[in-house]
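Each remark here refers to the structure printed beneath this line.
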Amino acid sequence: MSYDALLWLSFGGPEGPEDVRPFLENVTRGRGVPPERLDEVEKHYQHFGGVSPINALNRSAIERVRALVDLPVYFGNRNWHPMVEDTLAEMKAAGVRRALVFPTSAYGGYSACRQYDEDILRARAAVEDAPELVKIRQFFDHPLFIESFADAVRSAAEAFDGYRLVFTAHSVPLSADRAAGPPEEGGHRYSRQVREASRLVASALGVDEYDVVWQSRSGPPEVPWLEPDIVDHVDQLHARGVANVVVCPIGFVSDHLEVVWDLDTEARDRAAELGMGFARAGTPNDDPRFARLVAELVDEHLAGAPVRKLSAFPAAGCTANGELCAPRCCEPARRPRPGQAGSGQPGGDRAGSEQAGSARAGSDRTAP
Ligand SMILES: CC1=C(CCC(=O)O)c2cc3nc(cc4[nH]c(cc5[nH]c(cc1n2)c(C)c5CCC(=O)O)c(CCC(=O)O)c4C)C(CCC(=O)O)=C3C
Ligand SMILES: [Fe+2]
């Protein structure tokens, strides 16, 4: 198959104080996130002047990728400008017929993978006679991804004689994690991949003991999410007599707002209160290896380059035009409707799926 463009598909973030609220409304529309949580998160963004670093980080990574790939590279987002619908219209006008899509998330699961397929569906539905869009696979176990994090941990740890290595990734509802991956695989593809990437980085460092914890929990408090939270975990480590902690944000590709707020502000402040040493490893975005990683993934499609990966997980997530990866793969978790919290079956087993329709009603994002 031939391709005539690469579409860089990301989350998006606000670029000024007045963007913050509409951005947050876009992110959480129909997702049952309580307004108090939104007010809290708005403060994190306003603390940085209403500007998330994410768009600038994406633009600089795109520049580096442009120097390595033989395709025009376009930039579109799920939640903020440039919106992927607008970018796709621009691509169509420029004569693009078939494009590869690089999603800025390395993992499987609904939020990390399937939701980018939904973005592709939405964008193609908005553009008449839309270009074909083929999404690039998950890359959490690519050697360049792992090496980049391992080096970042090495630099962060230089200050310490001994340290506890702690990996973090974005928490998701337990029900979403359970539904991650095709059902026959037994679910939990997201958290299992996060643990696998962590294991690979630790092993590259020769570190035997480390922790995998979670951050940036959202949603109503009565719905269970992956735990423990990084800030609580810092308390735990202190209680166990750990003097220094090095945090590696394995779940993310760039130092965006959830990294600079939840880790560099909240977790760091807690460690300081407790008198602990704290260092945070960088993310791959600005490492030249990240651009090379993208170029290699593109070459898998353009030139049949070998699929480089370090784990036994399938190279999943590569889909055409927003199709499902496999039947029932990474279905969205059912979320309680506002005012119906508690009826959303926190346990989230998928048996009572006749409730799924009502729990999803009001969402214009999760419906297939
Ligand atoms: C797995 C995962 C990733 C990693 C994969 C990937 O990178 O895609 C990720 C990335 C990101 N999440 C981000 C921002 C936000 N995520 C939110 C809310 C949520 N995230 C979730 C999961 C994930 N999120 C979930 C299950 C929710 C609950 C609502 C829902 O079910 O959808 C909210 C709402 C407010 C709140 O936090 O409650 C915000 C503002 C930003 C941009 C930061 C910036 O602006 O720099 C990035 C890169
Ligand atoms: Fe998020």
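Atoms within each ligand, like the ligands themselves, are counted from 1 in listed order. The structure presented is a predicted model; accordingly, all values stated were derived computationally and were not measured.
When the heavy-atom distances from atom 6 (C) of ligand 1 to Y116, F11, F252 are ranked, the shortest goes to Y116. Within the set W214, Y45, W261, Y107, the minimum heavy-atom distance to atom 43 (C) of ligand 1 is found for Y45.
Separating the CZ atom in R122 from the CE atom in M83 is a distance of 5.5 Å, to the nearest 0.5 Å. Atoms CH2 and CD, on W261 and E266 in that order, are 6.0 Å from each other to the nearest 0.5 Å.
The V172 neighbourhood of ligand 1 comprises atoms 1 (C), with distances under 4.0 Å to a heavy atom of that residue. With ligand atoms numbered from 1 in the order given, ligand 1 contributes 17 (C), 33 (C), 34 (C), 39 (C) to contacts under 4.0 Å with heavy atoms of V27. Remark: ligand 1 atoms within the under-4.0 Å shell around heavy atoms of S52 are 44 (C), 45 (O), 46 (O). Interface atoms of ligand 1 facing R37, defined by a heavy-atom separation under 4.0 Å, are 36 (C), 37 (O), 38 (O). Atoms of ligand 1 found under 4.0 Å from any heavy atom of W225, numbered from 1 in the order shown, are 25 (C), 26 (C), 27 (C), 28 (C). Atoms of ligand 1 lying under 4.0 Å from any heavy atom of L24, numbered from 1 in the order shown and given with element: 40 (C). Taking a cut-off of under 4.0 Å to the non-hydrogen atoms of R31, the atoms of ligand 1 that pass are 30 (C), 31 (O), 32 (O).
Follow the hydrophobic side-chain contacts under 4.5 Å out from Y116 and you reach Y74 in the same cluster.
Looking only at side-chain heavy atoms (C-beta outward), N58 and F75 come within less than 4.5 Å of each other. Side-chain contact between L297 and H142 is present, with at least one heavy-atom pair separated by less than 4.5 Å.
Judged by distance alone, the side chains of N285 and S254 never bring a donor and an acceptor atom under 3.5 Å apart.
Centroid-to-centroid, the aromatic rings of F167 and Y210 come within less than 6.0 Å.
Between L257 and ligand 1, a contact under 3.5 Å exists for at least one N or O pair. An N or O contact shorter than 3.5 Å is missing between Y190 and ligand 1 by distance. For ligand 1, one of its N or O atoms has an N or O atom of E258 under 3.5 Å away.
Checking each of R137, K135, R78, Q115 against P103 for a side-chain contact (heavy atoms from CB on, under 4.5 Å) leaves exactly one that passes, namely K135.
In this pair, F139 and F102 present their aromatic rings parallel. The plane angle is below 30°, not in the 30 to 60° band. Taking the six-membered ring where tryptophan is involved, the planes of F140 and F313 are perpendicular, since the angle between them exceeds 60° and thus also 30°.
When non-hydrogen atoms are compared, ligand 1 lies under 4.0 Å from the side chain of V41 (C-beta onward) but not from its backbone. Only side-chain heavy atoms of T28 come within less than 4.0 Å of ligand 1; its backbone N, CA, C and O stay farther off.
Per residue H170, closest N, O or S atom to the Fe ion (ligand 2): atom name NE2.
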